[in-house]
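Every chain is numbered from 1 and lettered A, B, ... according to where its sequence line falls, protein lines coming before strand lines.
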Protein chains: 2
Amino acid sequence: MTEQRTERRPTRQRAAIADALVGTAEFRSAQEIHAALAGRGERVGLATVYRNLQAMAGDGEVDVIRTADGEAVYRSCATDDHHHHVVCRSCGLAVEVTGDAVERWAEAVAAEHGFTAVRHTVEIDGLCADCAARR
Amino acid sequence: MTEQRTERRPTRQRAAIADALVGTAEFRSAQEIHAALAGRGERVGLATVYRNLQAMAGDGEVDVIRTADGEAVYRSCATDDHHHHVVCRSCGLAVEVTGDAVERWAEAVAAEHGFTAVRHTVEIDGLCADCAARR
DNA sequence: CCACGATTTGACAACGGTTCTCATCCTGAA
DNA sequence: TTCAGGATGAGAACCGTTGTCAAATCGTGG
């Protein structure tokens with residue numbers, strides 16, 4: 001179930017994209033990353049951003065989740081281990097959390113209904129302390 | 001936080017759409033519903049399907065979740081209460097489940113990081129017994 | 001240090017789902 | 001039955017994402 005790190009060639013573009021993700025606590029869309037790179041002077045094609053983001057996601061280097069309107073957003077994960085996120089609806093800040101309780105609950109509830117090969121999606125969203133104070 | 005039932009006028013189309021959803025345990029996309037209605041002889045515009053599905057979702061009459069590729073899929077919920085789903089990756093079959101444990105965990109974990117106005121998304125997917133047997 | 005085959009890139013077209021537009025149709029109320 | 005305004009439908013418009021393919025780039029072997 002764990003992804004295999006595919007053999008890939010290092011390029012300036014790939015590094016730039018990875019760089020844009022590192023050190024950011026927010027989930028960002030491919031378009032935002034593309035714009036950020038452009039604004040920074042890094043000339044990288046949009047298709048390249050998408051391709052690399054996909055590849056990184058496949059290798060488990062970054063996390064991908066979908067916003068409410070279906071857009072894919074990415075974030076570099078601090079850990080390779082299984083985890084979930086608490087995301088701020090206002091600023092996008094995300095913190096990683098783990099919870100054996102949920103994992104077990106999901107597994108149990110699925111089994112109870114005869115499901116196998118179970119996976120799950122758990123994302124929590126709210127207002128972070130800063131954004132809440134700023135109101 | 002609970003949705004207000006908006007005043008809406010009953011129409012043949014709206015009824016047909018609601019009808020296509022009732023009695024189906026699967027999550028279905030707007031396009032699938034549109035096609036199903038067309039195949040059944042019901043002439044309903046695609047835009048109308050989208051509009052009504054959105055309205056119903058806003059009123060909490062139907063559940064909406066996003067497939068892995070970002071497509072929105074709908075299902076009429078048996079209950080108005082808060083619940084989650086276990087969805088079959090193969091056939092789309094979905095069963096509704098509840099779990100206080102998760103709710104509490106989500107709330108606690110969010111609070112622990114200073115988040116407020118917390119909401120969460122929890123979906124479980126796997127292979128239902130039938131699909132698993134069919135392999 | 002250079003040539004070579006394989007990858008990767010980038011500009012742009014193509015796509016698929018969803019939303020918007022606006023003239024026309026219906027519905028409930030009078 | 002008439003009327004005003006909400007609802008519908010056909011198609012254009014949108015937008016995020018993926019596909020195309022020639023040109024640029026990379027690691028390697030010579």
- Distance in angstrom units between R43(A) CZ and dT25(D) C1', rounded: 17 Å
- Note on the structure: Between CZ of R51(A) and P of dC21(D) the distance, given in whole Å, is 14 Å
- Item | Presence of salt bridge, E71(A) and R28(A), under 4.0 angstrom | no
- Query: Where the side chain of L46(A) is concerned, which of dT17(D), dA7(D), dG9(D) is the nearest nucleotide?
  - Reply: dT17(D)
- Task: Scan side-chain atoms only and decide if E103(B) and H84(B) contain a donor-acceptor pair under the 3.5 Å cut-off.
- Result: yes
- Task: Would you kindly give the OH-to-P distance between Y50(A) and dT17(D), to the nearest whole Å?
- Result: 4 Å
- Inter- and intrachain pairs under ring pair (Phe, Tyr, Trp, His ring centres under 6.0 Å), touching residues 23-75 of chain B, at least two apart: F27(B)-H85(B)
- Query: Any side-chain N or O of T11(A) less than 4.0 Å from the OP1 or OP2 oxygen of dT7(C)?
  - Reply: no
- Starting at atom NE2 of H34(B), determine the distance to atom C1' of dT19(C), rounded to an integer number of angstrom. 15 Å
- Query: R12(A) side chain N/O closer than 4.0 Å to the phosphate oxygens (OP1, OP2) of dG10(C)?
  - Reply: yes
- Query: At how many degrees, to 10°, do the end axes of the helix from dC1(C)-dG30(D) to dA30(C)-dT1(D) meet when each uses five pairs?
  - Reply: 30°
- Any Q54(B) side-chain nitrogen or oxygen under 4.0 Å from OP1 or OP2 of dT19(C): yes
- Between L53(A) (CG) and dT8(C) (P), how many Å, whole number? 16 Å
- 5'-most by nearest nucleotide on DNA chain C - A30(B) or T48(A): T48(A)
- Task: Verify whether one side chain among H82(B) and H120(B) offers a donor that lies under 3.5 Å from an acceptor in the other.
- Result: yes
- R66(A) bridged to D69(B) by N-O distance under 4.0 Å: no
- Message: Check the phosphate of dA7(D) against Q13(B), side-chain N and O only, distance under 4.0 Å to OP1 or OP2. Yes or no?
- Response: no
- Item | Selection from dT18(C), dG10(C), dT17(D) that lies nearest to any side-chain heavy atom of Q31(A) | dT17(D)
N/O donor-acceptor pairs under 3.5 Å from side chains in residues 10-18 of chain A, not counting sequence neighbours:
| unit_1 | atom_1 | unit_2 | atom_2 | d |
| --- | --- | --- | --- | --- |
| T11(A) | OG1 | R14(A) | N | 3.1 |
| R12(A) | NH1 | E42(A) | OE1 | 3.2 |
| R12(A) | NH2 | R43(A) | O | 3.3 |
| R14(A) | NE | R9(A) | O | 3.3 |
| R14(A) | NH1 | N52(A) | OD1 | 2.7 |
| R14(A) | NH2 | N52(A) | OD1 | 3.1 |

- Whole-Å distance, R9(A) CZ to dC26(D) P, equals 8 Å
- Task: Grab the CG-P distance between D69(A) and dT18(C) for me, whole Å please.
- Result: 11 Å
- Query: Taking NZ, NE, NH1 and NH2 as the nitrogens, is one of them in R75(A) or E96(A) under 4.0 Å from a carboxylate oxygen of the other?
  - Reply: yes
- Message: Distance check needed: dG16(C) C1' versus E71(A) CD, whole Å only.
- Response: 16 Å
